[in-house]
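Read through the structure below, which is laid out as structure tokens, and then see the notes.
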Amino acid sequence: MFHPPSPPALHPDQIAVLQRYYRWQARLYDVTRWGFLFGRRALLDAIALRSAPQRILEVGCGTGSNLLQLTRRFPRSSLVGIDVSAHMLAQAKRKLARWPNVELQQRHYFEPLQASFDVVLFAYSLSMMNPGWEDAIAAAAQDLVKGGLIAVVDFASSPQPLFRHWMAWHHVHLEGHLLPVLNRYFMPLEIAQPRVYAGLWRYLRYIGTAS
């Protein structure tokens, strides 16, 4: 099921920028990002060890790769994937055509959906919400059921100014800003920040629970 766009309520400039960026990136995304997007499968495995969710939300679902893995792990669950990019969602729609338990929506996530989810997943999406990432974390805290899980894998930090500048050109911030705010809203259950490429950057893998 694919819903038409919801009118953006906040941060319209940022949404327009990402729309333009992913217009050209969507078809190449899965084959070009494998060397950057570490830790996604490990995060999904950790979710499966900790939870048997009935309702899952992925924020910034992109081309639907994580949703496809989640449907295979939780075939009886109801999944919702949201993204601001119509081009990325078009790829996801094709990928998930055989899975009627997945709903795709084109929209932002700067306010809660007013729904109850057992898991809210952010996979390499929070670091691109600039501005808006803290609003998204706060929205997840409201959309999770008590005891539900927030699961995050994302870029964390880099000691190299030139690399940070290059990633910022691609709309990604690596300022170590996500973890303190996640810990403000959630009780952490798992935190890891592995280094990759000889320490060029660290990525964050985080699971927390709603109080």
[X] versus [Y]: any side-chain heavy-atom pair under 4.5 Å?
{"X": "Glu111", "Y": "Gln142", "answer": "no"}
{"X": "Ile82", "Y": "Gln106", "answer": "no"}
{"X": "Leu182", "Y": "Leu204", "answer": "yes"}
{"X": "Met187", "Y": "Leu189", "answer": "yes"}
{"X": "Gln193", "Y": "Leu179", "answer": "yes"}
{"X": "Leu79", "Y": "Thr71", "answer": "yes"}

Could you state the interatomic distance from [atom1] ([X]) to [atom2] ([Y]), rounded to the nearest 0.5 Å?
{"X": "Asp45", "Y": "Arg40", "atom1": "CG", "atom2": "CZ", "result": "13.0 Å"}
{"X": "Phe117", "Y": "Asp143", "atom1": "CZ", "atom2": "CG", "result": "6.0 Å"}
{"X": "Ile137", "Y": "Phe110", "atom1": "CD1", "atom2": "CZ", "result": "12.0 Å"}
{"X": "Leu174", "Y": "His165", "atom1": "CG", "atom2": "NE2", "result": "13.0 Å"}
{"X": "Asn66", "Y": "Cys61", "atom1": "CG", "atom2": "SG", "result": "9.0 Å"}
{"X": "Arg72", "Y": "Trp99", "atom1": "CZ", "atom2": "CH2", "result": "6.5 Å"}

For side-chain contact (heavy atoms from CB on, under 4.5 Å), just list the numbers for Tyr203 and Arg205, CA-CA rounded to whole Å, side-chain angles, deciding distance to a tenth of an Å, and then say yes or no.
CA-CA 7 Å; Tyr203 71 90; Arg205 190 174 71 245; 4.1 Å; yes
Minimum heavy-atom distance between [X] and [Y], given as atom pair plus value:
{"X": "Phe74", "Y": "Ser51", "value": "CE2-O, 3.8 Å"}
{"X": "Arg73", "Y": "Ala48", "value": "CD-CB, 4.4 Å"}
{"X": "Glu190", "Y": "Ala46", "value": "OE1-CB, 3.9 Å"}
{"X": "Gly176", "Y": "Ser157", "value": "N-CB, 4.1 Å"}
{"X": "Ile207", "Y": "Arg50", "value": "CG2-CD, 4.1 Å"}
{"X": "Ala92", "Y": "Gly64", "value": "CB-N, 3.7 Å"}

May I ask you to decide if [Y]'s main-chain N or O and [X]'s side chain share a donor-acceptor pair within less than 3.5 Å?
{"X": "Ser125", "Y": "Val59", "value": "yes"}
{"X": "Thr63", "Y": "Gln91", "value": "no"}
{"X": "Asp83", "Y": "Leu89", "value": "no"}
{"X": "Asn101", "Y": "Ser78", "value": "no"}
{"X": "Ser158", "Y": "Leu200", "value": "yes"}

Among Leu70, Leu67, Ile47, the one residue meeting side chain to side chain contact (heavy atoms under 4.5 Å, CB included) with Ile56:
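Of the listed residues Leu70, Leu67, Ile47, the side chain to side chain contact (heavy atoms under 4.5 Å, CB included) partner of Ile56 is Leu70.
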Please check if atom CZ in Arg41 has more than 12 non-hydrogen atoms from other residues, nucleotides or ligands closer than 6.0 Å.
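Check fails, neighbour count at 12 or below.
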Ring-plane angle category for Phe155 and Tyr124, please: parallel below 30°, perpendicular beyond 60°, tilted otherwise.
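Ring orientation of Phe155 relative to Tyr124: perpendicular.
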Parallel, tilted or perpendicular: which fits the ring planes of Trp201 and Phe38, with parallel below 30° and perpendicular above 60°?
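Tilted.
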Whether Arg55 and Glu103 form a salt bridge (side-chain N of Lys/Arg under 4.0 Å from carboxylate O of Asp/Glu) is what I want to check.
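No salt bridge links Glu103 with Arg55.
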Hydrophobic clusters here meaning ILVMFWY residues chained together by side-chain heavy-atom distances under 4.5 Å, can you tell me if Val153 and Leu49 are in one?
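They do not share one cluster, since no chain of ILVMFWY contacts under 4.5 Å joins Val153 to Leu49.
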Under 3.5 Å, is there a donor-acceptor pair between the Asp154 and Tyr206 side chains?
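There is no such pair (donor and acceptor under 3.5 Å, judged by atom type) between the side chains of Asp154 and Tyr206.
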For Tyr109 and Asp135, does a side-chain donor sit closer than 3.5 Å to a side-chain acceptor?
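There is no such pair (donor and acceptor under 3.5 Å, judged by atom type) between the side chains of Tyr109 and Asp135.
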What do the steps show when you test Leu121 against Leu43 for side-chain contact (heavy atoms from CB on, under 4.5 Å), and what is the final call?
CA-CA 9 Å; Leu121 169 65; Leu43 185 69; 3.5 Å; yes
Decide side-chain contact (heavy atoms from CB on, under 4.5 Å) for Asn183 and Ile191; before the verdict, give the C-alpha distance in whole Å, the side-chain angles of both, and the deciding distance to 0.1 Å.
CA-CA 10 Å; Asn183 283 339; Ile191 300 174; 4.1 Å; yes
Could you list the residues that satisfy side-chain contact (heavy atoms from CB on, under 4.5 Å) with Val145, not counting sequence neighbours?
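Val145 satisfies side-chain contact (heavy atoms from CB on, under 4.5 Å) with Ser116, Asp118 only.
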Evaluation steps, ring-ring contact (aromatic ring centres under 6.0 Å, His included), between Trp133 and His177
CA-CA 10 Å; Trp133 61 273; His177 56 297; 4.8 Å; yes
Working note: His173 + Met128, criterion side-chain contact (heavy atoms from CB on, under 4.5 Å); need CA distance, chi angles, decisive distance, verdict.
CA-CA 7 Å; His173 286 200; Met128 297 194 72; over 6 Å; no
